[in-house]
Protein chains: 2
Amino acid sequence: MLHSANGTSAATAPRASTLVGDGAPSNDADRLYWEIFDAVIDQRLLPGVKLTEAVLCDAFQCSRSSARSALAQLAHDKIVDIQPNRGAFVAKPDEKETRDVFEARRMVEAAILDKLLALPDLAARLPPMRRMVADERAAFERGDRVSWIRLSNAFHVQLARLADNEVLTELMHGLCSRTSLIIALYDVPGRSACSFDEHEAILTRLEAGDRAGAAAAMHHHLEDCERRMKVEAPGRLDPWTVFNLKR
Amino acid sequence: MLHSANGTSAATAPRASTLVGDGAPSNDADRLYWEIFDAVIDQRLLPGVKLTEAVLCDAFQCSRSSARSALAQLAHDKIVDIQPNRGAFVAKPDEKETRDVFEARRMVEAAILDKLLALPDLAARLPPMRRMVADERAAFERGDRVSWIRLSNAFHVQLARLADNEVLTELMHGLCSRTSLIIALYDVPGRSACSFDEHEAILTRLEAGDRAGAAAAMHHHLEDCERRMKVEAPGRLDPWTVFNLKR
DNA sequence: TCAACACAAATTGTCGACAATTTTAAATCG
DNA sequence: CGATTTAAAATTGTCGACAATTTGTGTTGA
């Protein structure tokens with residue numbers, strides 16, 4: 001109902017990483033924002049691809065104002081790179097940005113775990129996380145890469161939400177989006193580890209109240225993910241990939 | 001040269017908290033974004049004030065598109081609150097948001113200090129910070145509240161920049177802006193502590209390589225600042241304050 | 001053959017007009 | 001007199017037109 005017309009596997013997965021009440025975006029700009037955002041996260045839109053306003057308008061039946069508004073917001077989130085008078089492109093994070101994003105994640109997520117462990121009712125909040133990871137595993141096993149990526153991100157965002165801090169939640173949301181972009185650029189699909197195993201490890205340590213263990217598990221998880229990005233070829237995917245957002 | 005026309009004390013203070021190269025914003029939208037942003041940070045625009053598009057256009061000689069674009073960006077940064085079909089208002093962070101912002105800051109800034117202390121050449125990077133704090137003290141002593149607030153924010157952003165992580169720097173930039181908003185709402189001017197003293201304390205611990213001391217000083221600084229916000233009256237300032245951005 | 005130039009096509013930046021909605025004010029009714 | 005309804009004014013949302021800039025193509029000249 002949200003995405004007007006698509007019969008792809010993506011339709012089966014609920015959008016889990018959204019912050020605000022997104023029940024049917026009210027205006028075209030918001031609709032487009034999420035449409036493009038999702039497409040980037042799902043890697044249907046690859047880094048470097050040009051997002052021509054007219055094409056967007058045509059594909060999503062909206063006016064240029066709406067398209068421009070959406071692109072501006074995406075640019076603010078570093079999902080899209082707007083070059084004045086040249087147009088908007090899906091952002092292409094470089095090595096330095098990759099390091100910075102992962103470093104920031106290690107810092108913030110370690111702090112989140114700390115806060116979670118200080119909560120008196122932590123145990124009661126964890127079961128839904130378990131179910132989430134189970135969904136993640138299921139998606140992976142049935143080869144539903146799109147749902148898997150979403151749920152994998154959602155795990156981290158949900159962890160932040162559990163800590164009952166909206167600022168942190170939004171922050172993680174942004175960091176996770178940028179991570180998806182990085183993965184789209186640098187990750188080799190075949191070598192990708194099974195994130196859900198590591199997610200489960202984190203949950204297990206949390207349930208046990210094992211502060212050091214949880215921190216180590218998270219640190220390992222993030223470093224593991226970052227290490228996979230070390231692939232030398234920076235231009236592994238051709239930037240001329242067809243703009244096939246809405247085929 | 002940057003702010004076209006104003007003879008106020010604000011003109012004397014360089015804008016220190018900006019991230020990207022802001023040498024004369026290229027378009028009207030950006031110009032307006034920073035103009036309003038600065039006005040909010042400097043507390044010339046108070047929380048709750050309505051930002052009518054037409055008034056903005058008139059005041060800054062620009063078209064409505066530019067004004068709308070600027071407002072949209074500000075809304076994305078939580079500096080402005082856009083209510084559909086009703087207009088844009090300077091954001092009014094509530095108690096929960098205040099808690100969340102300060103908690104996030106404690107987490108992130110503690111991590112930043114940790115990273116700084118791990119740098120081999122930290123000592124060489126600190127002298128400029130000292131000068132910054134000196135400027136801060138000078139601004140306070142000559143009663144230049146505007147410059148003081150700016151420099152106080154800049155201190156924290158600069159600390160992040162010293163850690164050589166752009167993601168963290170932007171993050172702190174956003175958190176500091178929101179903090180300014182909170183201060184504008186809840187702080188009692190008379191009771192405001194001398195932040196530069198606490199800033200100096202942090203620097204001293206950093207120079208000594210005193211990890212625990214630096215962390216404690218930062219924690220104290222932030223908690224001290226948050227505590228000042230505990231004033232009961234949430235509507236201390238009338239939201240009908242004249243919209244005197246450009247008198 | 002290659003470089004520099006000039007022109008045409010495509011794309012982005014900017015703006016004002018019109019429609020939809022909300023707010024304000026006036027008028028009406030109990 | 002106060003509450004409700006109605007109309008007018010003000011404000012925001014949306015859109016397409018035009019100007020400015022860039023990109024692509026073809027031509028010229030060394």
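Predicted model, so just to flag it, every value in this text is computed and none were measured. In what follows, chains are A, B, ... by sequence order, proteins preceding strands, each numbered from 1.
The salt bridge (charged side-chain N to carboxylate O under 4.0 Å, His left out) analysis of residues 81-91 of chain B, with sequence neighbours excluded, yields no pairs.
B:E136 and B:S195 share a side-chain donor-acceptor pair at under 3.5 Å.
Among residues two or more places apart in sequence or in another chain, the side-chain contact (heavy atoms from CB on, under 4.5 Å) test is passed with A:Q73 by A:D30, A:Y33, B:H76. Legend: residues meeting side-chain contact (heavy atoms from CB on, under 4.5 Å) with B:D100, ordered by chain and number and at least two apart, are A:N165, A:E166, A:V167, B:K96. B:E53 meets the salt bridge (Lys or Arg N to Asp or Glu O under 4.0 Å) test with B:R64, B:R68; sequence neighbours excluded. Residues satisfying the side-chain hydrogen bond (donor to acceptor under 3.5 Å, both in side chains) test with A:S69, not counting sequence neighbours, are none.
In this model, the phosphate group of D:dG16 is not approached by any side-chain N or O of A:S65 to a distance below 4.0 Å at OP1 or OP2. In this model, the phosphate group of D:dG16 is not approached by any side-chain N or O of A:S63 to a distance below 4.0 Å at OP1 or OP2.
One interatomic measurement links the two molecules: CD1 of A:I82 to C1' of D:dT21, which rounds to 16 Å at whole-angstrom precision. In this entry the distance linking CG of A:D30 with P of D:dG13 reads 11 Å, nearest Å. Taking atom CG of A:D28 as the reference point, atom P of C:dA20 lies 15 Å away to the nearest angstrom. Straight-line distance from the CG atom of A:L32 to the P atom of D:dT14: 12 Å, rounded to whole Å.
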Atom pairs under 3.5 Å: protein N/O with N/O of nucleotides 7-12 of chain D:
residue: D:dT12; atom: OP2; partner: B:E53; partner atom: N; Å: 3.3

